[in-house]
Structure formats: structure tokens, C-alpha cells
Amino acid sequence: MLTEIQIYTDGACKGNPGPGGWGAWLRAGTQEKELFDGELSTTNNRMELTAVIQALAALKRPCNIALHLDSQYVRQGITAWIRNWKANGWRTSARQPVKNVDLWQRLDDLVSNHGHRIEWHWVKGHAGDPGNERADQLANRGVEQALGRGKERI
């Protein structure tokens, strides 16, 4: 029997591109885990993808997952667009290279090859959903962490 887990993910970017962060809140029964980090120069879409990737990568065994995210880009990409991208050699219908292909390929591997059963749930961002609000707070902590690392390098 697979463990039931709720995952909420979010990405944040201060400028696009600019400093960004990602956050994920995982909950299984009474157990919770918070994940977050950031990068000094990134995009919002990269942070949204990274949040999902890091949440799935943190799982030690196959799970039944209800994954909640406010990114239509990620949800549509993984549930609809990716089949054609792969069939077209990671090119869009306009024959352009898929943006963020490195992250899409990693996400595809985590979704396809790790035994998870995933239900993808879109939630409206900044609309009061407690899980989404928590993931947003974590993503913003990731931005602050990245900015702190940048100051240490100066």
C-alpha cells in the first residue's frame, strides 16, 4: 500500500529573470517536511519546476501524491505538452527548443520512473489556500536565502 501524501509547491522570483526561490510543503498523516532554496539569477518558471522536482526527489519510496501547485505552466507541461515535446525531440510545435528542458527532463524522470501515482491539482495563487500560502512563504524564504548567499560572495 502506497503512502498518501499531500504536496504543495510554489516558486517566486523578484524580477524575471532575477533572484528566485522555490518552496515545497509535504504532509503525510501527522508528519510534515518543509523544503526551500533559491538562486541569484533565475526565472519564475524555473523556480516553479524546481519546487516540484525537489519535492518529488525528497520521497524515499513510491507514494500516492496529491500535488497542489499554482503554475499552469508546470501542470499543463507535465500532463499535456510533454508527450509531444518528447516525440518531437524536445521541440515545441513551433519547432523551437523547449525552454527549461533540463528541468522538464528531470521532472519527467521523477514522474515516470519512480512508481508514484500523482494527481495534479491547480490552485489559484494568493487566494487564501493554506497549503499554497505556506509554499509561497517557503519560496520567499528561498529568495532571501539566495540573496544572503549573494551578499556573502561580495
With rounding to the nearest 0.5 angstrom, report the [atom1] to [atom2] distance, [X] to [Y].
X      : Y      : atom1 : atom2 : value
Thr42  : Glu48  : OG1   : CD    : 11.0 Å
Asp109 : His114 : CG    : NE2   : 4.0 Å
Asp136 : Arg141 : CG    : CZ    : 12.5 Å

Please step through side-chain contact (heavy atoms from CB on, under 4.5 Å) for the pair Leu56 and Ile65, ending with a clear verdict. CA-CA 9 Å; Leu56 294 176; Ile65 302 166; 3.6 Å; yes
Is it the case that one hydrophobic cluster holds both [X] and [Y], taking links as side-chain heavy atoms less than 4.5 Å apart, direct or via other members?
X      : Y      : value
Ile118 : Leu35  : yes
Trp81  : Ile53  : yes
Val101 : Leu107 : yes
Tyr8   : Leu59  : no
Ile82  : Leu69  : yes

Ignoring hydrogens, what is the shortest heavy-atom contact between Asp70 and Gly125? Give both atom names and the distance. OD2-CA, 3.5 Å
Between Asn132 and His126, the two heavy atoms sitting closest are OD1-N, 3.5 Å
Residue list, side chain to side chain donor-acceptor pair (under 3.5 Å) with [X], at least two apart or on another chain:
X      : result
Arg106 : none
Gln105 : none
Gln76  : none
Gln31  : none

List in chain and number order the residues that pass side chain to side chain contact (heavy atoms under 4.5 Å, CB included) with [X], two or more places apart in sequence or in another chain; answer none if no residue qualifies.
X      : value
Gln137 : none
Asn45  : Thr43, Tyr73, Asn100
Lys60  : none

Run the side-chain donor-acceptor check on residues 12-29: report pairs under 3.5 Å with partners two or more places apart or on a different chain.
residue : atom : partner : partner atom : Å
Lys14   : NZ   : Asn140  : OD1          : 2.8
Asn16   : OD1  : Asn44   : N            : 2.9
Trp25   : NE1  : Glu32   : OE1          : 3.2

Using the rule given for side-chain contact (heavy atoms from CB on, under 4.5 Å), can you reason through Asp10 versus Leu138, listing the C-alpha separation, both sets of side-chain angles and the distance that settles it, and then say yes or no? CA-CA 8 Å; Asp10 201 13; Leu138 291 167; over 6 Å; no
Does the pair Met1 and Asn64 meet the rule for a side-chain contact (heavy atoms from CB on, under 4.5 Å), with working shown? CA-CA 9 Å; Met1 184 141 175; Asn64 275 333; over 6 Å; no
Is Trp120 close to Val52 at the side-chain level, that is, under 4.5 Å between some pair of heavy atoms? yes
Taking 4.0 angstrom as the limit, do Arg46 and Glu39 come out as a salt bridge? no
Checking His121 now: which residues fulfil ring pair (Phe, Tyr, Trp, His ring centres under 6.0 Å) with it, not counting sequence neighbours? His68
Restricting to pairs with a member in residues 82-92, which pass side-chain hydrogen bond (donor to acceptor under 3.5 Å, both in side chains), not counting sequence neighbours? Lys86-Asp108
Short question: side chain of His116, backbone of Cys63 - any donor-acceptor pair under 3.5 Å? yes
Tell me, please, which residues at least two apart from Asp37 pass salt bridge (Lys or Arg N to Asp or Glu O under 4.0 Å). Arg149
